[in-house]
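Quantities reported herein were computed from a predicted structural model and do not represent experimental measurements. Reminder, nothing fancy here: chain letters follow the sequence lines and each chain counts from 1.
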2 protein chains.
Amino acid sequence: MKVHVAQPKLCAAEILETVPLLMSVLRAHSRSASSPELSIPQFRALAFVGRNQGGMLCDVASFLGLTPPSASKLIDGLVAKRLLLRYAGTTDRRSISLSLTAAGRKIYERAVQSAEKFLADHLSQLAPSVLEEMRHSLEVLRSIFQPLEVRKS
Amino acid sequence: MKVHVAQPKLCAAEILETVPLLMSVLRAHSRSASSPELSIPQFRALAFVGRNQGGMLCDVASFLGLTPPSASKLIDGLVAKRLLLRYAGTTDRRSISLSLTAAGRKIYERAVQSAEKFLADHLSQLAPSVLEEMRHSLEVLRSIFQPLEVRKS
DNA sequence: TATTGTTATACTCTATAACTATA
DNA sequence: TATAGTTATAGAGTATAACAATA
């Protein structure tokens with residue numbers, strides 16, 4: 001009985017320990033390894049634009065959990081590196097649309113490969129049942145905390 | 001069969017999506033909520049020192065996955081805020097020892113409470129079996145990626 | 001007037017390189 | 001010479017406040 005009350009707190013404590021740890025592991029890998037040209041936020045921005053070609057800046061900001069100025073600056077850097085294109089919307093000229101360049105897509109895909117290989121190498125020691133539990137647990141966490149879906153055009 | 005090959009990659013992809021998302025959720029909460037005085041790295045540093053009173057700076061750096069200069073600067077800020085004490089080691093005067101002040105412990109505990117409550121509120125909708133799977137999965141991840149244990153004094 | 005985005009400013013996080021002090 | 005830590009410097013990530021342009 002009491003355990004049911006405690007469970008969310010125990011899980012919360014585990015999240016608080018594990019998530020920042022994994023984040024620093026990911027950051028350290030992405031800096032040192034084969035994809036040092038992208039930081040994690042830059043990587044996420046490219047991922048979002050790749051899935052939402054023509055998406056607006058406010059969509060990127062909400063997906064990344066950033067304020068508009070922070071998102072604007074992040075996008076600035078990616079445009080300067082020729083990984084993203086930014087152009088004014090046609091119907092509403094206040095909004096901007098974003099899309100990947102060929103170089104952006106290539107670098108993004110290389111970074112995904114590198115990070116997935118790095119993680120998968122560490123996970124390969126685990127039993128299939130454990131991996132499946134883990135994948136499911138993370139999916140549940142993501143669905144709980146992910147910002148609301150972005151409207152298409 | 002093939003699924004067994006794919007599993008680590010699937011899990012890796014899920015980590016890559018979910019961990020940065022959770023990190024930005026945690027950061028946003030810690031800024032806005034009842035514990036805006038601590039950033040996540042500061043929070044982690046206090047947690048480490050709380051569990052390793054008298055620990056050395058290089059231990060903090062390795063726990064946090066930081067270079068020594070980065071850790072030194074982080075500790076600087078916490079010492080300036082009177083949350084940590086820093087003093088030279090007795091046997092080896094090159095090393096420094098760290099400990100929590102009363103204020104440091106108090107602010108750390110308040111931040112833990114706030115973050116755990118925030119997370120637990122979102123998790124309380126989940127079934128006990130799902131929570132237990134999640135806690136276990138995170139624990140496994142942590143054990144895989146955590147830096148080696150720190151020697152005691 | 002409300003919305004979309006940018007500019008100005010400031011602070012934290014993080015790194016590398018060069019340094020000091022101690023062993 | 002090797003180790004523990006700091007200082008100097010630089011760049012990215014993030015925020016708030018103030019602004020410009022469009023609707």
Practice item. Using a 4.0 Å heavy-atom cut-off across all strands, classify B:T91 as base, sugar-phosphate, or nothing. Key: sugar-phosphate

Review point. Rounding to a whole Å, what distance do you find between B:M56:CE and C:dA21:P?
Key: 20 Å

Check your understanding: Reckon B:R44 touches a base, only the sugar-phosphate, or nothing at all at heavy-atom distances under 4.0 Å?
Key -> nothing

Exercise for review: Report the relative orientation of the aromatic rings in B:F118 and B:H29; use parallel for angles under 30°, tilted for 30 to 60°, perpendicular for over 60°.
Suggested key: parallel

Study note, to complete from the structure: Of A:T90 and A:I40, the one whose nearest nucleotide on DNA chain D sits closer to the 5' end is A:I40

**Study point:** hbond_proxy B:T67 side chain to C:dA15 base (donor-acceptor, 3.5 Å cutoff)
**Key:** no

Review point. What is the minimum heavy-atom distance between B:Q53 and B:S99, and which atoms define it?
Key: OE1-CB, 2.9 Å

Exercise for review: Give a yes or no on whether a salt bridge exists between A:R135 and A:E132, defined as a side-chain N under 4.0 angstrom from a carboxylate O.
Suggested key: yes

Check your understanding: Rounding to a whole Å, what distance do you find between B:D92:CG and D:dG5:P?
Key -> 8 Å

**Study point:** Short side-chain N/O contact from B:R31 to OP1 or OP2 of C:dC11, under 4.0 Å
**Key:** no

Point to revise | Heavy-atom closest contact (A:L100 atom, A:G50 atom, distance) | key: CD1-CA, 3.6 Å

Review point. Which of these nucleotides, C:dT14, C:dT4, D:dT6, is closest to any side-chain atom of B:P69?
Key: D:dT6

Study note, to complete from the structure: When every non-hydrogen atom of A:L57 is compared with those of A:S72, the smallest separation belongs to CD1-CA, 3.8 Å

Point to revise | Residue B:D76, side-chain atoms from C-beta onward, closest of C:dC13, C:dA15, D:dT7 | key: D:dT7

**Study point:** d(CD1, B:I75; P, D:dT6) in whole Å
**Key:** 9 Å

Review point. Starting at the 5' end of DNA chain C and moving along, which residue's nearest nucleotide shows up first, A:A28 or A:S95?
Key: A:S95

Review point. Looking at the side chain of A:L74, which of D:dG13, C:dT14, C:dC13 is the nearest nucleotide?
Key: D:dG13

Exercise for review: Decide, yes or no, whether a salt bridge links A:R82 with A:E37 under the criterion of side-chain N to carboxylate O below 4.0 Å.
Suggested key: no

Check your understanding: Of all the choices, C:dA15, D:dA4, D:dA23, which nucleotide is nearest to the side chain of A:R94 once you look at every atom?
Key -> D:dA23

Review point. Between C:dC13, D:dT16, D:dT6, which nucleotide gets closest to the side-chain atoms of B:P68?
Key: D:dT6

Check your understanding: Once you round it to whole Å, what is the distance between C1' of D:dT14 and NE2 of B:H29?
Key -> 18 Å

**Study point:** Interatomic distance, B:R27 CZ vs C:dC11 P [rounded to whole Å]
**Key:** 19 Å

Check your understanding: Out of D:dT16, D:dT6, D:dT14, which nucleotide sits closest to the side chain of B:S72?
Key -> D:dT6

Review point. OP1, OP2 of C:dC13 versus side-chain N and O of B:S70: anything below 4.0 Å?
Key: no

**Study point:** Interatomic distance where OH belongs to A:Y87 and P belongs to C:dG5 [whole Å]
**Key:** 13 Å

Check your understanding: With nearest nucleotides of DNA chain C determined for B:R93 and A:I96 from heavy-atom distances, which residue corresponds to the more 5′ nucleotide?
Key -> A:I96

Review point. Looking at D:dA15, D:dA12, C:dC13, which one has an atom nearest to any side-chain atom of B:K73?
Key: C:dC13

Check your understanding: Can you tell me how far P of D:dT14 sits from CG of B:L26, to the nearest Å?
Key -> 13 Å

**Study point:** Separation of atom CD in B:Q42 from atom P in C:dT12, rounded to whole Å
**Key:** 7 Å

